[in-house]
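Every heavy atom of this structure was used, including side-chain atoms; hydrogens, water molecules and symmetry mates were not.
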Amino acid sequence: LASACWKQLGNLDESIESFQQALASEPSIEAASNLASILIDVGNYEQAWELCDGVLKKGHREKLVIELGVSALALLGFFEDASALLAQIEQGTEESDDVAQEQ
């Protein structure tokens with residue numbers, strides 16, 4: 001909760017520290033995505049990508065984490081990697097549409 005408050009108040013350094021502590025004590029997709037977003041905001045694209053990549057390697061495929069990973073990769077200049085990761089979102093959307101049509 002404190003992490004989100006710091007972010008709302010614009011104190012990004014405090015927010016980063018707070019989200020890092022939250023991840024260390026109780027990892028969550030929400031904390032990871034919030035921290036990745038802030039890291040991108042402050043221009044720390046490499047650390048944002050490493051965070052997203054770590055979440056993805058654990059098998060979590062949340063759309064927001066993928067989108068943040070795509071952004072970080074693109075901002076780092078890894079356009080082909082960003083495109084490949086973006087394709088995962090599109091595949092997930094197509095699979096969801098297929099399931100919906102079957103029902």
Side-chain angles (χ1 to χ4, degrees):
L1 182 60
S3 307
C5 292
W6 288 119
K7 184 178 178 185
Q8 288 292 327
L9 293 172
N11 191 334
L12 297 179
D13 290 335
E14 287 289 334
S15 187
I16 288 170
E17 184 178 321
S18 185
F19 277 117
Q20 286 173 331
Q21 289 174 358
L23 279 172
S25 65
E26 189 175 330
S28 72
I29 299 300
E30 183 180 0
S33 61
N34 279 315
L35 179 54
S37 176
I38 294 167
L39 291 169
I40 289 171
D41 288 346
V42 299
N44 195 336
Y45 311 132
E46 188 170 333
Q47 191 175 357
W49 165 243
E50 289 171 359
L51 181 60
C52 292
D53 188 42
V55 170
L56 295 170
K57 284 181 178 175
K58 291 180 182 175
H60 300 287
R61 303 318 256 181
E62 282 73 15
K63 185 177 178 182
L64 179 57
V65 175
I66 295 173
E67 289 173 343
L68 290 166
V70 167
S71 296
L73 285 170
L75 290 164
L76 287 166
F78 298 115
F79 302 112
E80 288 182 25
D81 294 329
S83 179
L85 189 56
L86 185 59
Q88 291 182 18
I89 294 174
E90 294 167 359
Q91 287 174 342
T93 302
E94 290 171 5
E95 289 172 9
S96 296
D97 291 346
D98 291 344
V99 170
Q101 289 175 358
E102 289 174 7
Q103 296 177 356

Under 3.5 Å donor-acceptor pairs involving side-chain atoms of residues 67-87, not counting sequence neighbours:
residue, atom, partner, partner atom, Å
S71, OG, E67, O, 3.1

Which residue pairs pass the salt bridge (charged side-chain N to carboxylate O under 4.0 Å, His left out) test with at least one member in residues 46-55, sequence neighbours excluded? D53-K57
Can you name the side chain to side chain contact (heavy atoms under 4.5 Å, CB included) partners of E62, sequence neighbours left out? I29, H60, V65
Close side-chain approach of Y45 and I40, heavy atoms under 4.5 Å: yes
Nearest heavy atoms of L51 and A32, plus distance in Å: CD2-O, 3.2 Å
For R61 and I66, work out which heavy atoms get closest and say how close. O-CD1, 3.8 Å
